[in-house]
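The shown structure was predicted, so the numbers you read here are calculated from the model rather than taken from an experiment. Remember, it's 1-based here, ligands and their atoms both numbered in the order they're listed.
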Amino acid sequence: MSILIVEDEREIAGLIEQALEREGFSCRIANNGLAALREFEEYQPDLIILDIMLPGLDGLEVCTRIRQQATIKDPYILMLTARGEEIDRVIGLSTGADDYLVKPFSPRELVARVRALLRRSLRHGTQLQNLFTSAHFTVDCDRHIATRLLEEEQEEVLDLTTLEFKLLSTLMSYPGRVWSRTQLIDQLWGDDFFGDDRVVDTHIRRLRKKIEPDPSHPLFIKTVVGVGYKFEDEIH
Ligand code: CA
């Protein structure tokens, strides 16, 4: 798997490269927007890590241009943002980014996010990856079984409705990613949905009752105020 890192701060670019190469990915670095477009054409990466704040052509513009170029191999794009107000622009993902990460982040977090994106690419291609795991949960979409790991290696099968199952697997497919209510509705109901997007809150509440030790202080399904929800757990 090849990854293009677009970041003008050389120290950060170097740290990202180090973390990814340690995991066996091959990387290239571009230090500005134009170089990124050039490298994209030459290198045809599977995934691009794209900082928004770049000199000249910024990350959002680079993302738009890459998406406009009709290539056979469409890369996954993970945006890096530094400021709160940028998140609103990225989260709609109308720029064509697949995911985003807010600085500062740990190398571990970055690697987890990259893996989640590439897992999705595998799933699209081969239907092989329908299993999501974290330290406390396993969701097996093929067998339609969700389990929670209890103490002393005991496993408990969760009694979830079809919707709750879909909700949990969607959230777990991207640990740490914030989903807006609209995005969750798209995943859960597709185009068939008519109604208030607050219905998502109801299902989240029910799911929390089934998986959280204390549903009023959730450990796994976190609310991101003003935006939506995310799943958090240690990676296996
Ligand atoms: Ca930058």
Side-chain angles (χ1 to χ4, degrees), residues 1-71 73-121 173-180 183 222 224-232 235:
M1 291 284 181
S2 54
I3 299 178
L4 175 61
I5 301 159
V6 187
E7 166 66 89
D8 57 314
E9 286 158 82
R10 285 170 197 274
E11 202 178 319
I12 297 179
L15 287 173
I16 295 175
E17 183 185 36
Q18 229 176 41
L20 291 171
E21 287 189 338
R22 215 169 24 229
E23 300 289 318
F25 297 106
S26 64
C27 302
R28 278 200 201 181
I29 296 176
N31 295 117
N32 63 62
L34 283 176
L37 292 174
R38 230 176 14 244
E39 287 284 350
F40 163 65
E41 275 184 31
E42 261 181 49
Y43 185 47
Q44 297 282 308
D46 297 297
L47 186 143
I48 301 175
I49 293 172
L50 184 53
D51 188 36
I52 292 192
M53 288 295 284
L54 295 169
L57 215 56
D58 75 7
L60 293 171
E61 183 61 32
V62 171
C63 184
T64 308
R65 290 201 194 180
I66 284 174
R67 285 295 185 234
Q68 277 166 357
Q69 291 187 23
T71 53
K73 199 170 165 188
D74 216 12
Y76 283 90
I77 298 180
L78 172 63
M79 290 279 215
L80 303 181
T81 82
R83 295 195 312 260
E85 68 258 35
E86 285 174 350
I87 298 173
D88 293 340
R89 292 164 68 195
V90 180
I91 197 166
L93 306 182
S94 52
T95 48
D98 296 290
D99 198 5
Y100 72 94
L101 200 54
V102 180
K103 290 178 179 178
F105 50 81
S106 68
R108 191 184 157 91
E109 215 178 338
L110 175 88
V111 168
R113 215 64 84 79
V114 164
R115 286 200 182 288
L117 272 176
L118 292 174
R119 197 162 55 198
R120 185 166 75 158
S121 93
S173 69
Y174 283 82
R177 172 182 168 168
V178 184
W179 296 79
S180 70
Q183 287 170 335
K222 300 275 178 72
V224 182
V225 177
V227 187
Y229 298 100
K230 66 175 174 179
F231 177 83
E232 272 184 355
I235 308 296

- Kindly state each residue pair satisfying side-chain hydrogen bond (donor to acceptor under 3.5 Å, both in side chains) with at least one member in residues 21-35, sequence neighbours excluded. R10-N31, E23-R115, R28-E39
- Task: Find, among atoms of D8 that are N, O or S, the one nearest to the Ca ion (ligand 1), and state its name.
- Result: OD1
- Message: Just to verify, what does P104 make a side-chain contact (heavy atoms from CB on, under 4.5 Å) with, not counting sequence neighbours?
- Response: none
- Task: Grab the two heavy atoms, one from V62 and one from G33, that are nearest each other, plus how far apart they are.
- Result: CG2-CA, 3.6 Å
- Note on the structure: Answer key: the N, O or S atom of D51 nearest to the Ca ion (ligand 1) is OD2
- Message: Nearest N/O/S atom of E7 with respect to the Ca ion (ligand 1), by atom name, please.
- Response: OE2
- Do E7 side-chain atoms and E9 backbone N/O form a donor-acceptor pair below 3.5 Å? yes
